[in-house]
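I have placed the structure first, in the form of structure tokens, so that the comments after it can refer back to it.
So you know, we letter chains A, B, ... as the sequences are listed, proteins then strands, and number each from 1.
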Amino acid sequence: MNIKQELSLYNTLTRKKEKFEPLSPPFVGLYVCGPTVYSDVHLGNCRTFISFDLIYRYLLHLGYKVRYVRNITDAGHLEGDRDEGDDKFAKKARLEQVEPMEIVQRYTLGFHEVMRAFNTLPPSIEPTATGHICEQIEMTKKIIENGYAYEVNGSVYFDVEKYTREHNYGELTNRKLEDLLENTRELGGQDEKKGRLDFALWIKAKPEHLMRWPSPWGWGFPGWHIECSAMSTKYLGETFDLHGGGMDLQATHHTNEIAQSRACSHQAPAKYWLHTNMLTVNGVRMSKSAGNGFLPEELFTGNHPLLEKGYAPMSVRFFMMQTHYRSTLDFSNEALQAAEKGFAKLMNAVKTMTQLKTSSSSTSNIQALTDQCYAAMNDDFNSPVLVAHLFEAVRIINSVNDGKESITTEDLKLLQQTVNTFVFEVMGLKSEQENQGTGNKALDTVMSLILAQRDEAKKRKDFAVSDQIRDLLLAGGISIKDTKEGTVWQLN
RNA sequence: GGUCUCGUGGCCGAGCGGUUAGGCAGAGGUCUGCAAAACCUUGUACAGCGGUUCAAAUCCGCUCGAGACCUCCA
């Protein structure tokens, strides 16, 4: 059997789950819209990239040769829907009295730091918009040549009306053009656009614009959507396998990407479109503008009014794995603390698994468990179901450890392989507590001395002393547990 | 207003026509000097009202409620 052939995923384009069939296996092209680096990424942004990290990791695990492209948007992005809006980078740069590229550098580094904390794999290519101005200009030229764009006063706009004569502009959101037209806001008075739905491919730079490049239409900068079309085409081709991003990008950004690519190359850019759902706080979407977001740093330290305490990156990652990527995930301290405990339980079992005793027979069907794990991931990357199966593995591990169940050497090997594969390789989790035993030799020495003293006290049934040692250690941030194999300790 | 999604036990969250989801919290028990951990047992939930069906949380309709997109945002 070939588990690879069992993978199915939900395609936004067709609104149903489809069997995954790469255009030219074993190669897979994956493009994900990355962050706009004019401010810190918040937890909601992270969720999308962590979701795609899971997808990327699973595709790799299945043996695909994946080229994962995730861009950095470091140019343009007009504020609001008016052409006279500010460039976000220029605006922020003015506010902070620095060069726009200083803004870009600072938040790009910050983004990478956060991604590393969450243990995401770096993409194969991480292209920047400013590094691909030529490609964007060339693409814009081609779209004009093909008759789908027009120039007005040094700016270039995409002609949606022309496009809709041959294509279905609203295919990704299943919307009718009439509805779109009806519900689009009235634009400002002296607008350069011919049609209400038209959007900019190239924008003429005003004197105050700091980031600007020469083009056939004069000095300016690219429109927001063209960068992704240009970069995905450059690195993955005119048609590639998977295109992903947050659901909020579906209606505008991705709709326009499809239109641009079709108008340029007459090809649909991606075979499958994947959209991740939003992170919410008290039921409302976390977003920069709503002001209900918090930064990963605040989450880790607990330094935020919404947070009762700090949460380790891996607990947060596990928290996200417990929800399907297409469902909204509501943040709460209660839910996060539940995830934290569940994660600790999982990691403890993983540790226990390395020292299990084997028997001549198994009381559990490990192969069936393994199959269920694959079935879960093959069903549109259903990590919550995967987690449920892994907790069945946890139960088995603990039961065997307690001598209540048994496992053969072969089954144990399979169990270890399965658990390690899905916990570390696929879900990208890692053990949070590296402080036990390792590293601090002095502390280890002191602890073994103290625990030996306590053991002595216990032997002569001087429980007042042994309990006092335990309480004092706990007050000092060290918790100990008496097990059959002796006393173990860890820093809290 | 238009398009669409969702409403599951104390909390988080799967399932989407018939089989135990799972985690956290709670209750009882085993183990233990005590504690912790671990294990076992336990709750019979699907917004409401109709309909289809032998059978519905799962399909259809209506009502109520929440949210998203349509405007920068992953």
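For the C1' atoms, the distance from B:G43 to B:A68 is 35 Å, rounded to whole Å. The gap from the C1' atom of B:G9 to that of B:C62 amounts to 27 Å, rounded to the nearest Å. Comparing B:U19 with B:G61, their C1' atoms sit 29 Å apart, to the nearest whole Å. Across the P atoms, B:G13 and B:C31 are found 38 Å apart, a figure rounded to whole Å. For B:C12 and B:U52, the P atoms lie 35 Å apart once the distance is rounded to whole Å. With P as the reference atom, B:C16 and B:G7 are 13 Å apart, rounded to whole Å. B:G18 and B:C59 have their C1' atoms separated by 14 Å, given to the nearest Å. B:G29 and B:G22 have their P atoms separated by 23 Å, with the value rounded to a whole Å.
Phosphate proximity of B:C70 to A:T173: absent, as no side-chain N or O sits under 4.0 Å from OP1 or OP2. Residue A:N398 places none of its side-chain N or O atoms closer than 4.0 Å to OP1 or OP2 of B:A38. Checking the phosphate oxygens (OP1, OP2) of B:G67, no side-chain nitrogen or oxygen of A:T280 falls inside 4.0 Å. Taking 4.0 angstrom as the limit, A:N401 places none of its side-chain polar atoms (N or O) nearer than this to OP1 or OP2 of B:A37. Residue A:R70 places none of its side-chain N or O atoms closer than 4.0 Å to OP1 or OP2 of B:A74.
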Checklist outcome for this item: Taking Watson-Crick and G-U wobble contacts under 3.5 angstrom, with | marking pairs to another strand and [ ] crossing pairs, the secondary structure of RNA chain B is written (((((((..(((.....[...))).(((((.......)))))....(((((..]....))))))))))))....
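In this structure, A:H243 atom NE2 and B:A74 atom P are separated by 13 Å, rounded to whole Å. Counting to the nearest Å, the P atom of B:G13 and the CZ atom of A:F331 are 12 Å from each other. B:A14 atom P lies 10 Å from atom CZ of A:R326, rounded to whole Å. Atom CG of A:L390 and atom C1' of B:G13 are 16 Å apart (whole Å). The interatomic distance linking A:R454 (CZ) with B:A35 (P) rounds to 13 Å, in whole Å. Rounding to whole angstrom units, NE2 of residue A:H324 and C1' of B:U5 are separated by 14 Å. Rounding to whole angstrom units, CD1 of residue A:I397 and C1' of B:A37 are separated by 15 Å. Per the geometry, CE belonging to A:M247 stands 17 Å off P belonging to B:G67, to the nearest Å.
A:L279 comes within contact range of at least one nucleobase, with a heavy-atom separation under 4.0 Å. Contacts of A:R470 with the nucleic acid, taken as non-hydrogen atoms under 4.0 Å apart, include base atoms. In this structure, A:T252 reaches the sugar-phosphate backbone alone: every heavy-atom distance under 4.0 Å involves primed, P, OP1 or OP2 atoms, never a base. No engagement by A:V32 is indicated, since no non-hydrogen atom pair under 4.0 Å with the nucleic acid exists. Across all strands, A:G34 comes closer than 4.0 Å only to sugar-phosphate atoms, never to a base (heavy-atom distances). When heavy atoms are screened at a 4.0 angstrom cut-off, A:G44 is found touching base atoms of the nucleic acid. Contact annotation for A:T323: backbone-only contact, meaning every heavy-atom pair under 4.0 Å involves sugar-phosphate atoms and none involves a base. Residue A:N277 is classed as a base contact, given a heavy-atom separation below 4.0 Å to a base.
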Checklist entry - How would nucleotides 18-24 of chain B be written as a contact map, 5' to 3', with B for base contact, S for sugar-phosphate-only contact and - for no contact, using protein heavy atoms under 4.0 Å? => result ---BSBS
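The aromatic rings of A:F422 and A:Y374 stand perpendicular to each other, their planes meeting at an angle above 60°, with 30° marking the opposite boundary. Relative ring orientation between A:Y235 and A:H132 is described as perpendicular, the plane-to-plane angle rising above 60° on a 0-90° scale split at 30° and 60°. Between A:F318 and A:F391, the ring planes lie perpendicular to each other; the angle is over 60°, past the 30° to 60° tilted range. Classified by interplanar angle (parallel below 30°, tilted 30° to 60°, perpendicular above 60°), the ring pair A:Y169/A:F199 is parallel. Using bins of under 30°, 30° to 60° and over 60° for the plane-to-plane angle, the ring pair A:H253/A:H225 lands in the tilted bin.
You'll find that the side chain of A:D467 is closest to B:C34, out of B:A74, B:A14, B:C34. In this structure, the nucleotide among B:C70, B:A36, B:G33 sitting nearest to the side chain of A:S466 is B:G33. The side chain of A:D248 lies closest to B:A74 when the candidates are B:A74, B:G33, B:G13.
You'll find the ring centres of A:F343 and A:F319 outside the 6.0 Å limit.
Between A:D379 and A:G246, the residue anchored nearer the 5' end of RNA chain B, judged by the nucleotide with its closest heavy atom, is A:D379.
Not a single donor-acceptor pair under 3.5 Å links the side chain of A:R317 to the backbone N or O of A:A312. With A:H167 contributing its side chain and A:T164 its backbone, the two residues share no donor-acceptor pair below 3.5 Å. A:T120 contributes no side-chain N or O that, together with a main-chain N or O of A:R116, makes up a donor-acceptor pair within less than 3.5 Å.
Figure legend: cation-pi geometry between A:R326 and A:Y10, with NZ or CZ positioned under 6.0 Å from the six-membered ring centre and within 45° of its axis.
A:D482 contributes a side-chain N or O that forms a donor-acceptor pair with the base of B:C34 under 3.5 Å.
Applying the side chain to side chain donor-acceptor pair (under 3.5 Å) rule to A:R454 yields the partners A:D482; only residues at least two apart in sequence or on another chain are considered.
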Item to check | Residues A:D53, A:R57; criterion salt bridge (Lys or Arg N to Asp or Glu O under 4.0 Å); working and verdict | outcome: CA-CA 6 Å; A:D53 187 58; A:R57 282 169 176 275; 2.8 Å; yes
